[in-house]
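Following: one structure in structure tokens, then a few remarks.
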Amino acid sequence: MKKILIGLAVVAGLVVAAGGVLVWRASAGLSPAALESRYATSADRFVEIAGARVRVREEGPQGAPPILLIHGFTHSLETWDGWAKAFSKTHRVIRYDLLGHGLTGPDPKERYAPEERAAFVGDVLDGLGVEHAVIVGNSLGGLAAWRFAHDHPDRAQALILISPGVYSLNGVSDEPAEIPAAMKAYLMTAPEAGVAASAKIIYGDDSKLTTERLKTMRAMMRRRGNGEAMIKSLEEFTLPDPTALLQDIETPTLILWGEADAVIPIEQGRRMQAEMPNAALITYPGVGHAAQEEAPEETVADAIEFLESLSANGEEGPE
């Protein structure tokens, strides 16, 4: 993981060295209005939730069982396109851009710490009139998902976690790790080469990355204010020992992990599954950190089978 951060920092450092004026222009960010015009769809709306203007996308029948999809750090709700297409046939699919990400943009209240992101999951459900749902999260979104399920077991019918944040990593534990200046520059400028390098690390098979997907990733990072928000998020990011919390989570849980995950080692998935009293683990050879995006058909099929098995066995959460 340290090698990954160093690699991205080198790319960012080259950008900084290229010229102060270019860096200043890049760090100024892209117009929210222009990005919304390009990327917002007819299924999107901007909802005032607990003092923040949040991009929410809903698909599928309104009366169907709700499933909430939460993306990871630097990404946006587009990472769930494959899953939303499949689940919208049977579920009310809800996804949103995290605070400080995508078209949501920075949070006026700067709620970026992991516990605040977990609490905001409840705010989203409240804002949409949803009492309980299947909660799904990848990476940072996975961390928010399992912590929300711990704090509000009555609201999480089931958990699906894809390479979630959980155990200490890269020097982050009870205290945040120091952020290199070049990493801050990367988040502020999102240089084309840096975003491509980061995406190739996230994917196990980078041949699956498309030019359009890279453009979307970079555009969402460059939304005005997101760079500063991501830096503040890292400044507040902690991963204290989760053992006691995990052992308390009775919610039926499916953990999905790419065996080629270069961001969070798969050993953390195995450890997490062993700690949780009602969890199963499925791994995918050759797949990286965002398995829902790199292998959407395989992962969503396993997710659907998991939820169907809970329903058949009468093990699903509250109705």
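Remember, predicted model here, so these are calculated numbers, not experimental data.
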Run the side-chain donor-acceptor check on residues 31-38: report pairs under 3.5 Å with partners two or more places apart or on a different chain.
from, atom 1, to, atom 2, distance (Å)
Ser31, OG, Ala33, N, 3.3
Ser31, OG, Ala34, N, 3.2
Glu36, OE1, Arg53, NH2, 3.4
Glu36, OE2, Arg53, NH1, 3.0

Can you give the donor-acceptor pairs under 3.5 Å from side chains of residues 262-273 to other protein atoms, not counting sequence neighbours?
from, atom 1, to, atom 2, distance (Å)
Gln268, OE1, Tyr167, N, 3.3
Gln268, NE2, Ser168, O, 3.4
Gln273, NE2, Ala279, O, 3.1

Practice task
Apply the test side-chain contact (heavy atoms from CB on, under 4.5 Å) to residues Met220 and Glu78: give CA-CA distance (whole Å), side-chain angles for both, the deciding distance (0.1 Å), then the verdict.
Solution key: CA-CA 10 Å; Met220 294 299 172; Glu78 280 82 3; 3.5 Å; yes

Exercise for the section: Tell me, with the steps shown, if Phe46 and Asp97 meet side-chain contact (heavy atoms from CB on, under 4.5 Å). Expected result: CA-CA 10 Å; Phe46 289 85; Asp97 285 338; over 6 Å; no

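Look at Arg117 and Asp107 and you find no salt bridge, because none of the NZ, NE, NH1 or NH2 atoms lies under 4.0 Å from a carboxylate O. Between Arg213 and Glu293, at least one side-chain nitrogen of the basic residue sits less than 4.0 Å from a carboxylate oxygen of the acidic one, meeting the salt-bridge criterion.
Environment of CD in Glu297: sparse, with no more than 12 heavy atoms of neighbouring residues, nucleotides or ligands closer than 6.0 Å.
For Glu59, the salt bridge (charged side-chain N to carboxylate O under 4.0 Å, His left out) partners at least two apart in sequence or on another chain are Arg95.
Leu68 and Leu77 end up in different hydrophobic clusters when Ile, Leu, Val, Met, Phe, Trp and Tyr side chains are linked at under 4.5 Å.
How far CE of Met230 is from CE of Met183: 12.0 Å, rounded to the nearest 0.5 Å. A distance of 10.5 Å separates CG in Leu125 from CZ in Phe120, rounded to the nearest 0.5 Å.
With His101 as the partner, the side-chain contact (heavy atoms from CB on, under 4.5 Å) test is satisfied by one option alone out of Leu99, Leu98, Leu103, Thr104: Leu98.
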